[in-house]
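Just so we're on the same page: letters track the sequence lines, and every chain starts at 1.
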Amino acid sequence: MTGGQGVAGSNPVAPTNRSLAATVSERTCAAMPDQGLRGARRFWPSPPSPLQVPTMLERNDLMRLRLSKIDAARAAGEIAYPNDFQPSLTGAELIVAQRDSLEPFDAVRAPGTIALHLAGRVMAINVKGKAAFIRLRDRSATDVLQARATENDLRISQGLEARPADASTFQVYMQRNENEELFDRMFKGGERSLDIGDIVGVSGRPFRTRMGEPSLHACTTDLDGQPLAGCTTGQHCIRILTKGIRPLPEKYHGLVDKETRFRQRYVDLIMNDEVREIVRRRSLVMRGVRDFFDARGYLEVETPMMHPILGGAAARPFRTHHNALDMPLYLRIAPELYLKRLVVGGLERVYEINRNFRNEGLSQRHNPEFTMLEFYRAYATFEDLMVEVETLLAELAVNVAGATEVQWGVNSDGSPRMIQLAAPFRRVRIRDGLQEWGGLTLAEIDDEKALRNKADALGVHIDAHATLGKVQVELFEAVAEPYLVQPTFVYEYPAETSPLARRNDQHPQLVDRFELFIGGIEISNAFSELNDPVDQYERFEAQLTQKAKGDEETMEMDLDYVRALEYGLPPTAGCGIGIDRMVMLLTNTDSIREVLLFPHMRPEQRGAAVEDQPKPGVA
RNA sequence: GGGCCGGUAGCUCAGUCGGUAGAGCAGCAGACUUUUAAUCUGUUGGUCGAGGGUUCGAUUCCCUCCCGGCUCACCA
């Protein structure tokens, strides 16, 4: 943003096309935040009054010129935003279809040639005298990359010169002498010319350039001047379907600025192939998870995202309010208690993939809303779920990343750090880890003071309120982290940190729980579920005691959940897996923001004067 | 919330030990009938994140604020 365009309502940049500007700004303002009334009401601000309508975003010369091209097209009697063009194939299909004719050729448009129709966004324009090349991208961009790579391999195998195969675009070629009027209009500048960023529909026939690039020759008639099959008389071989008003980022460096990339993800997706690949892999993860659990007899369910009672995890919640019912609600921090109610109801295998919301700090690995998979299986233990999880991850790695071995960052010497996701994963007790990596004796492990001394020596901060069990866990995570790069199930957690988990039969101070660490980060948390309603009630009570002591991340008493347990929850094990982190793992990405399409950002400041902004600390 | 770094043309960046700024790409005008970061010639474009202060003069120095990145703390 360049700012300085004044407060809303004043000093608008006069748009070239007034009718267009009016239409767009009417639509835009409805979705704009009401900055003037911020804080005036507790929950829902009033809709903006006409006096507070924000102006459209600022314009520059490049945009004004492009807007004027829309005017010119309208003045020429054209529909500025036509919607009657239908592509008959994708760019990737165009390339694959020519695979059997690797040799360059310049076949003429013999009568009977069938026209192909492609649509896409113009990513590059290359006018060379009386010939012009444009590069388009369509939804098949990922496949185009693959097709070009495959094609290049074929060329090499046939002794032909290799071509660069790193572009996700496909090429369209047009020759001036075949339609001088259209060629000049599109490529010779002036009021109606084509711009990078426009979305076009192109009709023509496939061919290869002299350099061997599979291309579409834009043309709608054969050499006799008769329409090609699939074209109508007078049809243009290139049509602008949507004019891009805003110029795209530079073609070589692309869009780099992270703030702009996350705020304007649409531009990021246009410019950066890697981003599209992450989105694609995330989609594969979601489908893979569903296939996995569906195949094992689980039912996918959706439970409330707005909870009247806080529970299922230890976390600070977002609070909201239902106006008509005049009641407070929490955005859910976990679906756990609802899912186990379903198991009580006889849905013995359920899973849910949905958002959790936690009102905590943001970091490379934390976003206020994140996607969680939770699944519950009756007549299973947490050990059974270890097998389920390692099987799932190995399967996903193959389906999404192509192998059970995936790269995750680099080692300290700069070499690729590889993670082996083939089952079985390593299993480590917290006590064993403290001995092996922390150099502690069993006596020290049960001595809170000794543990705290060790933590101080290591420079590890541990909360003063933490109980023995919590100190053990925190110290373990501190000393073990370097050893938790390869997938590792950590288990034998102390009971006080797990108010919903089943106690271990031999050691009641422990619970039957594991956490899975990969690449040093926690991916999964699971346990055999506590199904003793009396014990559960007492653990909720203990949570209330903690809350009274000032712990802000405790659960609330959920009597209905206890009532459900009183009807009988079969022996059940449940597991949560952070989908975002799993996608990070399978895309070799070190930031959760990269795997979220729209990571949380502070609101964009659009040139509003500083004195109009609420002062920090003033409610 | 703390620390460090950053915000300059549509994009990617340089620069100004204080005298209102440059390049490449994009754009505009032109040459070029197989280019692919095309090439060649000419050229337009910036309240240098916002506000305040110091100064004859601030994009540059000082203060405050906004936004972002990295990092620490809390968390998954």
B/rG49 versus B/rA9 - spacing of their C1' atoms, nearest Å: 15 Å

Nearest listed nucleotide, side chain of A/T209, among B/rC67, B/rU36, B/rA76: B/rU36

Nucleotide B/rU36, atom C1' - distance to CG of A/L136 in whole Å: 13 Å

ring centroid sep under 5.5 Å plus plane angle under 30, A/Y252 with B/rG24: no

Proximal nucleotide (of B/rU36, B/rU12, B/rA38) relative to the A/K128 side chain: B/rA38

Dot-bracket encoding per residue of RNA chain B, Watson-Crick/G-U cut-off under 3.5 Å, | denoting interstrand: (((((((..((((.....[..)))).(((((.......))))).....(((((..]....))))))))))))....

Exercise: identify the closest heavy-atom pair between A/G190 and A/K69: O-CE, 3.7 Å

Gap in Å between the two P atoms, one belonging to B/rU36 and one to B/rC48, rounded: 38 Å

Sugar-phosphate, base or nothing in reach of A/G254, heavy atoms under 4.0 Å: sugar-phosphate

NZ or CZ of A/R265 within 45° of A/F598 ring axis and under 6.0 Å: no

A/K69 vs B/rC28: side-chain N/O to OP1/OP2 distance below 4.0 Å: yes

Atom CD of A/E191: over 12 foreign heavy atoms under 6.0 Å: no

Sugar-phosphate, base or nothing in reach of A/N177, heavy atoms under 4.0 Å: base

With A/R355, the side chain to side chain contact (heavy atoms under 4.5 Å, CB included) member among A/M305, A/R332, A/M372: A/M305

Sugar-phosphate, base or nothing in reach of A/G190, heavy atoms under 4.0 Å: sugar-phosphate

Sugar-phosphate, base or nothing in reach of A/G189, heavy atoms under 4.0 Å: sugar-phosphate

Between B/rA37 (P) and A/M211 (CE): distance, integer Å: 10 Å

C1' gap between B/rG52 and B/rC74, integer Å: 36 Å

Euclidean distance for P, B/rA21 against B/rA37 (whole angstrom): 36 Å

Phosphate OP1/OP2 of B/rG68: any A/R602 side-chain N/O under 4.0 Å: yes

Distance, rounded to the nearest Å, where A/R365 contributes CZ and B/rA73 contributes P: 12 Å

Phosphate OP1/OP2 of B/rA37: any A/R135 side-chain N/O under 4.0 Å: no

Rounded C1' spacing from B/rU8 to B/rA23 in Å: 13 Å

Euclidean distance, atom CG of residue A/N126 to atom P of B/rU35 [Å, nearest integer]: 10 Å

Sugar-phosphate, base or nothing in reach of A/N367, heavy atoms under 4.0 Å: base

Centroid-centroid distance, A/F382 to A/F527, less than 6.0 Å: no

Distance, P atom - from B/rU16 to B/rG22, rounded to whole angstrom: 13 Å

Sugar-phosphate only, base, or nothing, as touched by A/R581 at under 4.0 Å among non-hydrogen atoms: base

Nearest-neighbour nucleotide for the A/F133 side chain, B/rG68, B/rC11, B/rU34 considered: B/rU34

Options B/rU36, B/rG10, B/rG69, nucleotide nearest the side-chain atoms of A/K258: B/rG69

Between B/rC11 (P) and A/M271 (CE): distance, integer Å: 12 Å

A/D257 CG to B/rC11 C1', straight-line distance once rounded to whole Å: 10 Å

Could you give the side-chain donor-acceptor pairs of residues 575-587 of chain A under 3.5 Å, partners two or more places apart or in another chain?
from   : atom 1 : to     : atom 2 : distance (Å)
A/D580 : OD1    : A/R282 : NH1    : 2.9
A/D580 : OD1    : A/R282 : NH2    : 2.8
A/D580 : OD2    : A/T371 : N      : 2.8
A/R581 : NH1    : A/E522 : O      : 2.9
A/R581 : NH2    : A/R365 : O      : 3.2
A/R581 : NH2    : A/H366 : NE2    : 3.4
A/T587 : OG1    : A/V583 : O      : 2.6
A/T587 : OG1    : A/M584 : O      : 3.4
A/T587 : OG1    : A/T589 : OG1    : 2.7

Given B/rU71, B/rC28, B/rU36, the nucleotide with the shortest approach to the side chain of A/S193: B/rC28

Sugar-phosphate only, base, or nothing, as touched by A/E213 at under 4.0 Å among non-hydrogen atoms: base

Sugar-phosphate only, base, or nothing, as touched by A/R358 at under 4.0 Å among non-hydrogen atoms: base

Length of the OH-P vector between A/Y266 and B/rC11, whole Å: 12 Å

Listed nucleotide nearest any side-chain atom of A/L62, set B/rA26, B/rU34, B/rG68: B/rA26

Donor-acceptor pair, side chain of A/D198 and main chain of A/G244, under 3.5 angstrom: yes

Smallest separation among heavy atoms of A/M555 and A/A314, with atom names: CE-N, 4.5 Å

Between B/rA50 and B/rA26 - P atom distance, rounded Å: 28 Å

A/H217-A/Y173 aromatic ring centre distance below 6.0 Å: yes

A/M123 CE to B/rU35 P, straight-line distance once rounded to whole Å: 22 Å

5'-most by nearest nucleotide on RNA chain B - A/P368 or A/K130: A/K130

Salt-bridge contact A/R208-A/E151 (side-chain N to carboxylate O under 4.0 Å): yes

Among B/rC13, B/rU34, B/rC11, the one nearest A/E250 by side-chain distance: B/rC11

Residue A/F207, side-chain atoms from C-beta onward, closest of B/rU12, B/rU34, B/rG10: B/rU34

A/D138 side chain vs A/G120 backbone, donor-acceptor pair below 3.5 Å: no

C1' gap between B/rG19 and B/rC32, integer Å: 45 Å

base_contact_polar (B/rU35 base, A/Q171 side chain, donor-acceptor, <3.5 Å): yes

5′-ward residue of the pair A/R593/A/L194 relative to RNA chain B: A/L194

Phosphate OP1/OP2 of B/rU12: any A/K251 side-chain N/O under 4.0 Å: no

Touch class at under 4.0 angstrom, heavy-atom based, for A/R176 against every strand present: nothing

